[in-house]
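Labels below follow one simple rule: chain letters A, B, ... track the order of the sequence lines, proteins then strands, and each chain is numbered from 1.
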Number of protein chains: 2
Amino acid sequence: MTTPTTDTAQQFVEAWGAMGALWGINRSVARVHALLMATEAPLSLDGIAEKLQISKGNASMSLRELRTFGVVRQVEVPGDRRDFYVTEPDVWTMFFRILRERKRREFDPALDAIHQLLEQPGAKGEILGRLKQMSELLTTVEGVVNRFLKDPASSKAALAFVAGLPFNPKPKKR
Amino acid sequence: MTTPTTDTAQQFVEAWGAMGALWGINRSVARVHALLMATEAPLSLDGIAEKLQISKGNASMSLRELRTFGVVRQVEVPGDRRDFYVTEPDVWTMFFRILRERKRREFDPALDAIHQLLEQPGAKGEILGRLKQMSELLTTVEGVVNRFLKDPASSKAALAFVAGLPFNPKPKKR
DNA sequence: TGATGCGTTCAGAATAGTCTGAACGTACAA
DNA sequence: TTGTACGTTCAGACTATTCTGAACGCATCA
């Protein structure tokens, strides 16, 4: 059997599904993704729908979403005219692809809104200062994310480096 | 008038409210937060409810949430027995406080779930490998976030540094 | 040509998330 | 003690999101 039906695989599917919220991904989409991650062989749309107990329609839409993220792709299976799907096997690549898509969908519009507000005159002192700070913060975060997206490989190394370094407290305040 | 009713302030409240999703914060909570950010003077609960056109109950719950994030605190106004609220004025500090709370609420349980799965025997080859990768990724991200939370000041500088550096492409693959 | 197998779409059902407002608790003053 | 002025809670109303499944379009084949 190429599709594991083990407890571990099932638990994994559910855990990943629940975790979807953390990544801003809906439960069905995350479960489809998890199933593909837990399965080496390509799966057909109706195979996925059946295993996860969801409708074909839902499975179809979830797969479309995953393809726009770029973490799932279609493959051909000779002698079968159904579409089959496999997932990007590298978890880090997935991570960066999801990051890119979420940035595009949510972050960029937010940054635009703040910038637009800053451009129009009439902001008073207090709010103007906070708007500027906010803009600075978002722009910084954007810069970091852009850097990551441009070079995932070295970013992964950099992340590991920062994560692994022991904490070195500053001498003293004031 | 210490509470601005300017267009900019209102737009800011709505923009921040819509942006809440990006930070994993609900709209009302984000709007209350934005109103406090846009207002220098402390605001009372019913003042907030009235300005945002939300119920006292909602305002009360939103303020509680903001206090658990640590981005809003109560202040006394002499001669008034109502509770008044002000927001943490520094946007970066806010950012790190929200990061900490979201990590605690969403990230830590997810990491636990993966670790628990890894501990129990019975995972097959393919899925075991992906689980390990996932665990590695989440642990790395956790390390980075922890580092940030331990020393926000230097983290801010580090972020700005990474964001500002021009991209330096690797020589060549292979 | 019609029949079959497949994937997609989308109106409406089901579910999950948010908000309201009445009821309640507390503190204080008379 | 009673009355008043708050803040909080939570059942139920309301709203947004997600999911289903019937209808459809497109290939393929007889």
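- Side chain of B:Q133 to main chain of A:V91: a donor-acceptor pair is present (N/O by atom type, distance under 3.5 Å, no hydrogens or angles).
- Residue contacts shown for B:D83 are limited to sugar-phosphate atoms, with no base heavy atom under 4.0 Å away.
- Rounded to whole Å, atom P of C:dA27 lies 18 Å from atom CG of B:D80.
- Summarising the geometry, the separation between OH on B:Y85 and P on D:dG7 is reported as 6 Å, rounded to the nearest angstrom.
- Listed by first and then second residue, the salt bridge (charged side-chain N to carboxylate O under 4.0 Å, His left out) pairs that reach into residues 16-28 of chain B are B:E14-B:R27, sequence neighbours excluded.
- Atom P of nucleotide C:dT18 and atom CG of B:L52 are separated by 17 Å, given to the nearest angstrom.
- A side chain to side chain contact (heavy atoms under 4.5 Å, CB included) with A:V32 is found for one member of A:V29, A:L35, A:L36 and no other, namely A:L36.
- B:E88 is linked by a side-chain contact (heavy atoms from CB on, under 4.5 Å) to B:D90, B:T93, B:M94, B:R97, counting only residues two or more places apart in sequence or in another chain.
- Taking the six-membered ring where tryptophan is involved, the planes of B:W23 and B:F95 are perpendicular, since the angle between them exceeds 60° and thus also 30°.
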Give every pair of a protein N or O atom and an N or O atom of nucleotides 19-25 of chain C that lie under 3.5 Å apart, one pair per line with the distance.
{"unit_1": "C:dC19", "atom_1": "OP1", "unit_2": "B:S28", "atom_2": "OG", "d": "2.7"}
{"unit_1": "C:dC19", "atom_1": "OP2", "unit_2": "B:N26", "atom_2": "ND2", "d": "3.0"}
{"unit_1": "C:dC19", "atom_1": "OP2", "unit_2": "B:S28", "atom_2": "OG", "d": "3.1"}
{"unit_1": "C:dT20", "atom_1": "OP2", "unit_2": "B:S55", "atom_2": "N", "d": "2.9"}
{"unit_1": "C:dT20", "atom_1": "OP2", "unit_2": "B:S55", "atom_2": "OG", "d": "3.2"}
{"unit_1": "C:dT20", "atom_1": "OP2", "unit_2": "B:N58", "atom_2": "ND2", "d": "3.1"}

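- Protein atom CZ of A:R82 is 17 Å distant from nucleotide atom C1' of C:dT8, rounded to whole Å.
- Atoms CG and OG, on B:L52 and B:S62 in that order, are 8.5 Å from each other to the nearest 0.5 Å.
- Remark: nothing in residues 66-74 of chain B comes within less than 4.0 Å of DNA chain C through any heavy atom.
- Between the C1' atom of D:dT18 and the CZ atom of A:R64 lies a distance of 14 Å, rounded to the nearest Å.
- A:K156 is linked by a side-chain contact (heavy atoms from CB on, under 4.5 Å) to A:W92, B:E136, counting only residues two or more places apart in sequence or in another chain.
- Inspection of the B:D151 and B:S154 side chains reveals an N or O donor paired with an N or O acceptor under 3.5 Å.
- With values rounded to the nearest 0.5 angstrom, B:K150 atom NZ is found 11.0 Å from B:S155 atom OG.
- Side-chain contact, B:D46 with B:S44: a donor N or O sits under 3.5 Å from an acceptor N or O.
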Shorter than 3.5 Å, N or O on both sides, protein versus nucleotides 24-30 of chain D: list them out with atom names.
none

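- To the nearest angstrom, P of D:dT20 lies 13 Å from CG of A:L45.
- Between atom CZ of residue B:R31 and atom CG of residue B:N58 there is a gap of 9.0 Å, rounded to the nearest 0.5 Å.
- Distance, A:I25 CD1 to D:dT18 P: 12 Å, rounded to whole Å.
- Taking atom CG on A:L63 and atom P on C:dT9, their separation rounds to 12 Å, with Å as the unit.
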